[in-house]
Amino acid sequence: MRRNPRTVLLMKILISADMEGATGVTWPADVLPGTPQWERCRTMFTSDVNAAALGFLDGGADEVLINEAHWTMRNLLLEQLDERVEMLTGRHKALSMVEGVQHGDVDGIAFIGYHAGAGMEGVLAHTYLANQITGVWVNDVRASEGLLNAHVVAEYGVPVVLVTGDDHACDDALGYAPEARKVAVKDHVSRYAAVCRTPARTAADIRAAAKDAMTLAGRHAPVQAGPFTVEVEFDAEHLAMASTVVPGVARIAERRIAYTHETMYEGIRTFKAVTTIASAAVEEQYG
Ligand SMILES: [Zn+2]
């Protein structure tokens with residue numbers, strides 16, 4: 001990653017861009033790379049992300065870095081983004097969805113296109129794996145990707161300033177980032193249905209909220225809230241069994257594993273290992 005020589009006066013915002021919570025997205029084909037629906041929805045996803053970037057720049061941000069955080073991490077249309085932003089695209093990153101937060105130069109992060117967690121009510125609700133995880137808990141609190149990532153960025157002193165997604169994603173964010181500005185781009189009807197607002201409307205809403213969210217930007221003292229005990233429940237027992245090959249991971253019930261780390265930096269890396277092993281253990285048809 002390129003590092004600019006910079007003074008402490010520059011304000012840099014990181015955007016973590018996931019797709020299930022984007023404008024117009026309501027079912028699997030919308031977010032599955034390679035499908036015609038995904039091609040169409042990429043434009044609306046890019047519109048949400050660009051609107052957030054424009055709002056941050058309106059509000060005084062000097063730099064905006066967008067980190068792709070969905071599936072292959074190759075979804076956004078670079079050519080449709082404002083020329084002042086930069087985008088990190090592609091997979092294999094130390095901090096996955098919040099890669100880029102660890103260099104000490106980020107003053108605020110936005111979770112764009114986020115969604116409710118596994119087992120929760122919400123459009124395309126899940127946590128990392130599309131369907132095989134039925135619940136995640138951090139120190140007994142039900143966890144979404146937003147909550148997991150909020151713990152990670154807090155360890156770097158970076159506040160979550162803006163969250164967008166469906167109305168349930170916004171409600172979820174009240175738990176992990178109460179002060180953050182929130183924009184619901186659609187209202188949940190079922191896991192695969194929502195009342196959607198148009199990209200023109202949501203872009204205006206997101207841009208205004210992002211501009212306002214710059215009042216929340218500014219690094220804090222790093223938070224050390226550990227130790228973190230993470231529990232993951234799968235929909236099949238062999239996935240729990242398979243994931244125990246990851247050091248420190250113990251099976252605590254038929255379909256449930258747990259591990260404990262002092263930091264969520266380690267916690268999210270172990271989560272990534274567990275979900276990678278578990279997804280490799282899934283068989284077509286039988287799961
Ligand atoms: Zn996601």
Side-chain angles (χ1 to χ4, degrees), residues 14-33 35 37-38 41-42 44-46 48-49 52 66-76 88-93 95-101 109-138 142-153 160 162-173 175-177 180 182-186 188 191-192 194 230 232 234-235 264 267-269 271-276 278-279 282:
L14 180 65
I15 294 177
S16 171
D18 202 0
M19 194 168 182
E20 285 87 353
T23 296
V25 165
T26 60
W27 81 312
D30 291 344
V31 295
L32 197 59
T35 68
Q37 273 298 104
W38 168 79
C41 289
R42 296 173 80 184
M44 292 191 280
F45 178 31
T46 304
D48 287 4
V49 169
I66 298 158
N67 177 40
E68 289 225 39
H70 174 71
W71 208 290
T72 56
M73 303 192 176
R74 298 182 186 282
N75 305 277
L76 291 167
L88 171 52
T89 191
R91 56 194 294 232
H92 308 307
K93 300 175 284 193
L95 284 179
S96 190
M97 298 180 75
V98 293
E99 175 67 21
V101 81
I109 187 166
F111 294 167
I112 302 297
Y114 270 47
H115 49 81
M120 298 174 178
E121 204 172 57
V123 177
L124 291 166
H126 70 286
T127 304
Y128 271 56
L129 303 185
N131 200 40
Q132 290 79 20
I133 290 176
T134 55
V136 178
W137 293 263
V138 174
R142 192 108 202 215
S144 61
E145 290 164 15
L147 183 140
L148 291 166
N149 290 329
H151 278 305
V152 176
V153 303
V160 180
L162 173 67
V163 179
T164 74
D166 73 350
D167 51 337
H168 286 260
C170 292
D171 289 347
D172 179 51
Y176 64 77
K182 288 141 192 113
V183 178
V185 300
K186 56 198 172 191
H188 166 270
R191 182 166 166 78
Y192 302 132
V230 179
V232 181
F234 295 98
D235 67 351
M264 192 49 83
I268 199 74
R269 288 162 67 84
F271 190 73
K272 178 96 179 161
V274 164
T275 53
T276 301
S279 63
V282 175

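Order of listing sets the numbers, starting from 1, for every ligand and every atom in it. This structure is a prediction, so every number in the text was calculated from the model and none was measured.
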Answer yes or no: is there a donor N or O on one side and an acceptor on the other, between the side chain of Thr35 and the main chain of Ala29, under 3.5 Å?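 Yes; at least one donor-acceptor contact below 3.5 Å.
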Closer than 3.5 angstrom, by distance alone: can the side chain of Asp167 be matched with the main-chain N or O of His188 as a donor-acceptor pair?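 Checked: pair present.
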Are more than 12 heavy atoms from other residues, nucleotides or ligands located less than 6.0 Å from atom CH2 of Trp137?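 Counting other residues, nucleotides and ligands, CH2 of Trp137 exceeds 12 neighbours.
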Straight-line distance of Asp48 CG to Asp18 CG, nearest 0.5 Å: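 Output value for this atom pair is 11.5 Å.
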Do the side chains of Ile112 and Leu162 get nearer than 4.5 Å, heavy atoms only?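 Answer yes - side chains close enough.
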Around the Zn ion (ligand 1), how many protein N, O or S atoms are closer than 2.8 Å?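 For the Zn ion (ligand 1), the figure is 3.
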Table please: side-chain donor-acceptor pairs of residues 119-130 below 3.5 Å, with sequence neighbours left out.
{"residue": "His126", "atom": "ND1", "partner": "Leu124", "partner atom": "O", "Å": "2.8"}
{"residue": "His126", "atom": "NE2", "partner": "Glu145", "partner atom": "OE2", "Å": "3.4"}
{"residue": "Thr127", "atom": "OG1", "partner": "Ala118", "partner atom": "N", "Å": "2.8"}

